[in-house]
Amino acid sequence: MEYLDFELPIKELQEQFEKACQIGEESDVDVSNTCKQIETKLKETKKEIYKNLTPWQRVQLSRHPDRPYTMDYINAICGDSFLELHGDRNFKDDKAMVGGLGKIGNQSYMFIGQQKGYNTKTRQYRNFGMANPEGYRKALRLMKSAEKFNVPVVTLIDTPGAYPGLEAEERGQGEAIARNILEMTRLKVPIIVVIIGEGASGGALGIGVGDTVLMLENTWYSVISPESCSSILWRSWEFKEIAADALKLTATDMKKQKLIDSIVKEPLGGAHSDRKTTFITVANAIDKAYNELKDLSPKELTTKRMEKYANMGVFKD
Amino acid sequence: MPWFKRTKKGIQTPTEDKKDVPKGLWYKSPTGKVVDSEQLEKNFYVSPEDGYHVRIGSKEYFEILFDDNKFKELDKNLSSKDPLKFEDNKKYVDRLKEATEKTGLKDAVRCAVGKSMGENIVIACMDFSFIGGSMGSVVGEKIARAADYSLKKKIPLVIISKSGGARMMEAALSLMQLAKTSAKLAQLSDAGIPYISLATDPTTGGTTASFAMLGDINISEPGALIGFAGPRVVRDTTGKELPEGFQTAEFLLEHGFLDFITHRKNLKRKINLYLDLVLNRPLREKTA
């Protein structure tokens, strides 16, 4: 288990707890009372820390190395029913963007999401969850195929951004994202979007237009990362915490601005501290969202979706 | 022996009699060519010396594209709010105020309807001089309303992009303008109304990742910078030297993302030629 800087008091107590238990096992000393005391304190400390997270701390949590990634969710939610599908039919198969068909209960869904790696090798293989244009085109191919067979789409968002590479520009990163955004506004099947980690800008929105947009409690979604915002506006990376505040990028802020539909609660200590509960909560949230959408006709669905986005924005008339 | 000899000594011109060159009388292009401003204006703000297309704004593009510079501006008074109370080194509200004072503009886009070669056309033109042509709620809303106007009156739409991307000071609200504008363009496309995207120097970030790349035709001017990630970001991320001409209009044409590049003097004629052809109407006069 890895701990973030603000989680250090938790780490300390956890270690104390484990040590005490070990002493109990290895000797005849009765430590059950001590263990219980530490456990209570651990719970309280966790509650205290997680109750008062700053936006920057949530950004850190969204990038926690133990946090579940897209395939973890899909595998847990769909089990053996998941069938991964590959390729954009034009150029290649982008490993940073995964997708395929799977079931939640009796309902089939087309799952699409950015995938990060869990160690150096797989991080490179997945390009740190930064898709190239072929990734967005793969996603669009899968969405169009879902539309053809009237299968609802679920996208799971976790990306530090679309890849800003030389070849990505040659192959039209901007066009690929723009095309996805446009096509998603008029796709004739329900689209449920879940932000499970980082929601960075166009790279996120490129698979992020939907009827129901959900954000996990410890994720962020904005037009730019706090680090890049700091470097552009303050001309230094040092202001990332202030930038995280200023950007109003947490789930609560996004809900307040009516840019997302609801927040999915994470277990105490974050999604990674109790993966099983997280997976069940997310599966239920998808199921619930689908049930609210499934009876709408394609026309109603797209009209409502377009209206929702048409209403986003604050200005003086 | 000097070939010119000053005969009178101590000739001095009082300051007030000195012939000063008024500011803005000359324009110096990036290659160092100096052009007379009046000549530049007559030449569609293109340096006759080296063909350099000077960055211009909505005022100039309207002048170039609308007949006799006659048009009706749409949603003229829409202006920005500061919903996030955003502040970096400067308050967003102060930035807006300064930009308005400096440019005389309300925000980074102006929309208008008028005749171009005798037929109606709706033009939304961005102004880079207003906070880098960045797209916030106002830009999104004005473009969406211009598209609505096109849709209702069945008039072709032209969007002239010139923008650094989404406006950071409106954070996620800016990001959602990508979806908002694209949704309107989807409706326009379903209704079969032509939409022409003219991407001008520079068009980057969120603008490229939405309306600038979604035209029935995407066109540009010579040498314009067009890209998703800016050149500096690409260089810093990849650690690679960028090839000559990277992210220029010519580069995009070569890679298949533009239909054509046109000299500004032919812009009006070419846009209208496309409309006549795609709408299967009789061709209009060839003179712009």
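Chain A is the first sequence line, chain B the second, and so forth, proteins listed ahead of strands; every chain is numbered from 1. Just so it is clear, the structure is predicted and the values come from calculations on it, not from any experiment.
Checked against B/I226 for a side chain to side chain contact (heavy atoms under 4.5 Å, CB included), the options B/L253, B/L258, B/T200, B/T248 give a single hit: B/L258.
By the 4.0 Å N-to-carboxylate-O rule, A/K304 lies too far from A/E307 to be salt-bridged with it. The residues B/D82 and B/K91 are annotated as not salt-bridged, no charged nitrogen and carboxylate oxygen being separated by less than 4.0 angstrom. A salt bridge is absent between A/K95 and A/E134: the closest approach of a Lys/Arg side-chain nitrogen to an acidic carboxylate oxygen does not fall below 4.0 angstrom. Taking 4.0 Å as the cut-off between side-chain N and carboxylate O, B/K90 and B/E87 do not count as a salt-bridged pair.
Annotation: residues 203-213 of chain B contacts chain A through B/T208, B/A209, B/S210, B/M213 [non-hydrogen atoms, separation under 4.5 Å]. Within residues 209-221 of chain A, the residues having any heavy atom less than 4.5 Å from a heavy atom of chain B are, in residue-number order, A/V209, A/Y221. Proximity to chain B at a heavy-atom threshold of 4.5 Å picks out A/S201, A/G202 from residues 190-202 of chain A, in numerical order. Among the residues in residues 168-175 of chain A, those with a non-hydrogen atom closer than 4.5 angstrom to a non-hydrogen atom of chain B are A/E169, A/E170, A/R171, A/G172, A/Q173, A/G174, A/E175.
Of the residues considered (A/G313, A/P164, A/A162), A/P164 shows the highest number of contacts with chain B, using heavy-atom pairs under 4.5 Å. Your options are A/I177, A/T185, A/V223, and the one with the most heavy-atom pairs under 4.5 Å with chain B is A/V223. For chain A, the option among B/V233, B/L242, B/N218, B/D190 with the highest count of heavy-atom pairs below 4.5 Å is B/D190.
In this model, no donor atom of one side chain and acceptor atom of the other lie less than 3.5 Å apart for A/R179 and A/Y136.
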*Derivation of the side chain to side chain donor-acceptor pair (under 3.5 Å) call for A/S225 and A/S228*: CA-CA 5 Å; A/S225 75; A/S228 304; 3.1 Å; yes
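Figure legend: B/R55 and B/F128 shown as a cation-pi pair, the cationic atom lying under 6.0 angstrom from the six-membered ring centre and within 45 degrees of its axis.
Under the 30°/60° scheme for interplanar angles, the aromatic rings of A/W234 and B/F86 are found to be tilted.
When heavy atoms are compared at a cutoff of 4.5 Å, A/L205 approaches chain B solely by way of its side chain, counted from C-beta outward.
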